[in-house]
A.B. asks: 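There's a structure below that I have some questions on.
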Amino acid sequence: MLSNTQVAQKLLEIRTLMEMAGESFYKYMAYEKAAASVENAPPLADLVAADEHLKLPGVGKSIGSVIEQLVRTGSADQLDALHERFPPSLLEVLGVSGIGTKTAATLFAEYGIASLADLETAIAAGALAGVPRLGNKTIENWRRGILAYKGRQRRTPLPAALAIAREAMTYVREGPPLERLEFAGSLRRAEVTVGDIDLVCTSHHAADVVAHFAAWPRAEAVLAEGPTKASIWLPGGLQIDLRVLPDHLYGNLLQHFTGSREHNIKLREQAVRANLRVSENGILNLETGEVVTCADEAGVYATLGMQLIPPELRSGLDEIELARSGLIPPLVETADIRGDFHMHTTWSDGDDTLEAMIAAAAARGYEYHAISDHSQGRARRYGMTPALLREQRGLADEFDTRYGIRTLCASEVDILPDGSLDFEDSVLAQLEVVIASVHIATRQSREEMTARLIRACENRYVTIIGHPTGRRFDHSSGYEFDYDAVFAAAARTGTALEIDGQAARLDLPAPLARKAKSFGVTFALDSDAHRTGDLAAVEFAVGQARRAGLVKSDVLNARPLDEVLAFIARKREAA
DNA sequence: GCCGTTTTCGGCCCGACTGTTTTCAGTCG
């Protein structure tokens with residue numbers, strides 16, 4: 001069964017090969033739009049089963065049937081036919097920066113270059129010398145592009161990209177004077193992984209700022225450098241783009257470079273109907289010739305007759321229609337978070353002591369938090385026993401007085417393969433917060449895993465299901481289960497679902513959280529910190545929550561302590 | 001190929017940078 005991301009990739013492959021085949025621009029662009037739509041949609045398997053995939057924006061009859069084939073069989077007639085003409089290895093050639101579909105099509109048709117290896121051989125043999133419109137500089141750029149392609153990592157996880165962006169911004173600030181500097185693009189939209197880093201800047205000294213940026217010692221190569229914009233590569237192939245414009249255009253600039261591409265296309269299509277041309281240089285009224293420039297993004301959206309759309313919602317799905325109708329809700333913010341239910345100490349697998357974690361949580365200004373060291377699972381060499389839990393509780397009470405915070409007595413308890421928990425109910429009853437998580441036996445069938453998670457929800461002592469899908473960017477795509485059934489069980493039993501902000505997890509993913517919200521589920525936004533420095537990861541959980549459209553009232557740890565305790569008590573009493 | 005607050009037909013976002021082209025196509029985001 002192909003995932004949404006995999007289907008989106010196949011649609012993009014069709015798009016690329018259609019362009020090479022000489023299909024019309026709007027025809028293949030339709031596939032690109034559909035791919036973006038699919039990426040942000042709920043699980044396609046469910047949509048196709050309910051025949052609801054045709055409701056996705058940009059998906060009509062033709063692409064709808066392609067999606068259906070992809071989901072059911074893993075391929076599609078259309079893709080197979082294109083592969084008859086163009087070998088899949090051509091996509092490698094297209095992966096080289098500077099080579100687009102036109103060039104790749106020519107290289108293939110005229111010189112038989114069908115793969116990266118073919119291209120390298122042709123360059124090394126000088127087979128491309130003397131070709132019209134192919135100078136030494138172009139060949140040299142390709143050679144560099146091939147090296148970058150080979151060394152390139154996959155898309156960079158959001159937390160890692162954010163750290164790099166902040167380093168680059170620190171460096172840029174050390175240069176010529178500037179007014180404002182911000183990261184934009186997929187990073188600002190809180191996408192789970194980012195393909196490159198976009199920085200926007202306002203300054204009276206644009207060319208100097210750009211030159212300073214391009215001279216960053218950490219840059220391995222400068223891809224492009226003009227008077228207002230430069231692109232650099234870091235070792236490993238991550239690209240950073242910087243654009244500099246005058247300060248009165250800050251709103252237009254930030255809006256333009258925050259994207260997404262599909263969001264901007266839709267926004268501009270709407271604007272065109274009102275005779276407005278939108279770009280980073282302002283909003284041009286084609287009738288009057290007047291140009292509106294905006295100091296902030298709210299001005300851009302207001303000029304286009306809609307609410308400000310938060311960056312995390314700019315996916316190109318239906319946010320523009322909602323904003324025109326005034327239906328974008330105020331999303332949950334990091335400042336709303338009053339506590340963090342999920343963190344570990346040296347008592348299990350954390351790196352920092354109980355006191356250090358409590359002090360750090362208090363320093364973040366939390367009203368309450370929970371220390372949730374692991375239960376001592378059957379296969380676990382570390383972790384808490386009932387005796388250790390009692391001992392930890394006593395110490396925590398002392399530290400609470402010292403640091404002015406309320407530490408809830410908690411544990412992250414393994415959900416065993418049959419859905420029972422790793423602690424007896426009598427132990428669970430002593431805990432104020434129970435996070436139940438799947439760590440073992442992750443290869444169960446969809447049916448077994450569904451039953452297992454539902455049974456965990458039905459345990460009266462379970463407050464939160466931790467990192468519900470088990471996906472990890474480093475090695476695991478997570479386990480399969482019937483999302484609807486588990487979300488319904490969570491809502492019915494008053495069990496919160498976690499959005500785990502740990503760098504490698506970000507789980508629940510935003511499209512699933514959006515779906516869970518439709519069932520009436522309550523969410524816990526947690527850091528899953530294993531050291532004090534990771535408590536800030538709750539911000540990544542908030543980012544995913546915002547992408548899912550969650551508001552303050554959807555979030556358990558945005559509530560005051562008495563309401564949190566009442567939420568927990570309701571479930572225990574109801575059972 | 002998709003879509004509709006003028007449209008079920010006739011439209012479809014916008015601009016920066018590169019290379020070698022004497023006027024712009026290709027690529028990228």
Side-chain angles (χ1 to χ4, degrees), chain A residues 11 14-16 18-20 23-37 54-67 78 94-107 131-142 144-145 184-186 194-200 206-207 210 214 222-233 239-245 249 252-253 255-284 286 304-306 316 320-321 324-325:
Chain A
L11 290 174
I14 293 173
R15 171 238 182 272
T16 300
M18 280 174 79
E19 184 181 356
M20 292 190 61
E23 292 277 11
S24 89
F25 176 81
Y26 295 109
K27 209 166 166 179
Y28 63 72
M29 276 303 288
Y31 281 81
E32 185 174 319
K33 290 184 183 184
S37 202
L54 295 172
K55 289 182 187 164
L56 291 174
V59 176
K61 226 176 144 185
S62 298
I63 296 182
S65 79
V66 172
I67 289 174
Q78 182 142 13
L94 283 160
V96 176
S97 178
I99 298 184
T101 47
K102 296 278 197 324
T103 306
T106 305
L107 290 174
V131 175
R133 303 186 65 91
L134 254 192
N136 288 333
K137 272 195 170 177
T138 302
I139 299 288
E140 193 46 47
N141 284 341
W142 288 0
R144 198 174 60 187
S186 48
V194 307
D196 62 9
I197 292 172
D198 295 294
L199 302 180
V200 298
V210 169
V222 178
L223 273 171
E225 184 183 351
T228 70
K229 169 183 174 178
S231 300
I232 61 171
W233 262 338
Q239 184 178 331
I240 308 183
D241 300 332
L242 174 72
R243 183 75 192 278
V244 189
L245 286 178
L249 287 168
N252 307 89
L253 174 68
Q255 194 287 321
H256 172 82
F257 280 97
T258 296
S260 65
R261 182 178 156 80
E262 298 307 322
H263 173 82
N264 281 354
I265 289 176
K266 281 196 169 184
L267 197 72
R268 290 162 186 189
E269 280 175 354
Q270 296 255 351
V272 164
R273 294 189 200 113
N275 263 329
L276 299 172
R277 177 184 291 170
V278 180
S279 79
E280 67 270 40
N281 298 315
I283 301 173
L284 170 65
L286 290 167
L304 299 175
M306 64 187 82
I320 290 172
E321 290 78 3
R324 285 169 65 95
S325 308

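A note on names: the letters A, B, ... follow the listed sequences, proteins ahead of strands, and every chain is numbered from 1. Computed from a prediction, not measured in an experiment: that's the story for all the values here. Just so it is clear, the values below take in all heavy atoms, side chains as well, and ignore hydrogens, waters and symmetry mates.
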A.B. asks: Give each protein N/O atom lying under 3.5 Å from an N/O atom of nucleotides 24-26 of chain B, with the pair distance.
C.D. replies:
from, atom 1, to, atom 2, distance (Å)
B/dG26, O3', A/T103, OG1, 3.3

A.B. asks: Remember a base hit wins even if backbone is also touched, and classify A/Q239 as base, sugar-phosphate or nothing at under 4.0 Å, heavy atoms.
C.D. replies: sugar-phosphate
A.B. asks: Set out, line by line, the N/O atom pairs under 3.5 Å between protein and nucleotides 4-8 of chain B.
C.D. replies:
none

A.B. asks: Where each residue is assigned the nucleotide of DNA chain B containing its nearest heavy atom, which of A/N264 and A/K229 is assigned the position nearer the 5′ end?
C.D. replies: A/N264
A.B. asks: Quick one: label A/L94 by what it contacts on the DNA or RNA (base, sugar-phosphate, nothing), any heavy atom closer than 4.0 Å.
C.D. replies: nothing
A.B. asks: Can you measure from NE2 (A/H256) to CG (A/L267) and round to the nearest 0.5 angstrom?
C.D. replies: 12.0 Å
A.B. asks: Between B/dG1, B/dG29, B/dT18, spot the one nearest the side chain of A/D241, thanks.
C.D. replies: B/dG29
A.B. asks: Scan every strand shown for a Watson-Crick or G-U wobble partner of B/dG4, both distances under 3.5 Å, and answer none if you come up empty.
C.D. replies: B/dC9
A.B. asks: Separation of A/I320 atom CD1 from B/dC3 atom P, in whole Å?
C.D. replies: 14 Å
A.B. asks: Reckon A/I99 touches a base, only the sugar-phosphate, or nothing at all at heavy-atom distances under 4.0 Å?
C.D. replies: sugar-phosphate
A.B. asks: Out of curiosity, A/K33 NZ to A/I63 CD1, how far, rounded to the nearest 0.5 Å?
C.D. replies: 10.0 Å
A.B. asks: Hey, is the side chain of A/N281 poking within less than 4.0 Å of OP1 or OP2 on B/dG15, counting only N and O atoms?
C.D. replies: no
A.B. asks: Can you identify which nucleotide, out of B/dG29, B/dA16, B/dG15, has its nearest atom closest to the A/S279 side chain?
C.D. replies: B/dG15
A.B. asks: Which residues satisfy the side-chain contact (heavy atoms from CB on, under 4.5 Å) test with A/A184, sequence neighbours excluded?
C.D. replies: A/D198, A/V200, A/L254, A/F257, A/T258
A.B. asks: A/Y31 and A/Q78: side-chain donor and acceptor closer than 3.5 Å?
C.D. replies: yes
A.B. asks: Hey, does A/I63 reach any base, or is it just sugar-phosphate, or nothing, if we go heavy atoms under 4.0 Å?
C.D. replies: sugar-phosphate
A.B. asks: Show me the pairs that pass side-chain hydrogen bond (donor to acceptor under 3.5 Å, both in side chains) and involve residues 223-232 of chain A, at least two apart or across chains.
C.D. replies: A/T228-A/R243, A/S231-A/D241
A.B. asks: Roughly how many Å is it from CD in A/E280 to C1' in B/dC14, rounded to a whole number?
C.D. replies: 7 Å
A.B. asks: Using 0.5 Å steps for rounding, measure from the CE atom of A/M18 to the OG1 atom of A/T101.
C.D. replies: 12.5 Å
A.B. asks: Mind checking salt bridge (charged side-chain N to carboxylate O under 4.0 Å, His left out) for A/R261 and listing every partner two or more places apart, or none if nothing turns up?
C.D. replies: A/E32
A.B. asks: Any chance you could measure A/I67, atom CD1, to A/L54, atom CG, to the nearest 0.5 Å?
C.D. replies: 8.0 Å
A.B. asks: How many Å lie between CZ on A/R261 and C1' on B/dT27, as a whole number?
C.D. replies: 11 Å
A.B. asks: Rounding to a whole Å, what distance do you find between A/R15:CZ and B/dG1:C1'?
C.D. replies: 13 Å
A.B. asks: Mapping A/V272 and A/M18 to their closest nucleotides on DNA chain B, which lands nearer the 5' end?
C.D. replies: A/M18
A.B. asks: Could you tell me the separation between the CH2 atom of A/W142 and the CG atom of A/L134, rounded to the nearest 0.5 Å?
C.D. replies: 4.5 Å
A.B. asks: Does B/dT18 have OP1 or OP2 sitting under 4.0 Å from an N or O in the side chain of A/T138?
C.D. replies: no
A.B. asks: Checking all strands, does A/F257 fall into the base, sugar-phosphate, or nothing category for heavy-atom contacts under 4.0 angstrom?
C.D. replies: nothing
A.B. asks: In whole Å, measure the gap between the P atoms of B/dG15 and B/dT8 for me.
C.D. replies: 29 Å
A.B. asks: Can you see if the side chain of A/S24 gets near the phosphate of B/dC12 - specifically, an N or O under 4.0 Å from OP1 or OP2?
C.D. replies: no
A.B. asks: Can you list everything that forms a side chain to side chain donor-acceptor pair (under 3.5 Å) with A/R324? Sequence neighbours excluded, please.
C.D. replies: A/Q270
A.B. asks: What contact category does A/K61 fall into here, base, sugar-phosphate, or nothing, at under 4.0 angstrom with non-hydrogen atoms?
C.D. replies: sugar-phosphate
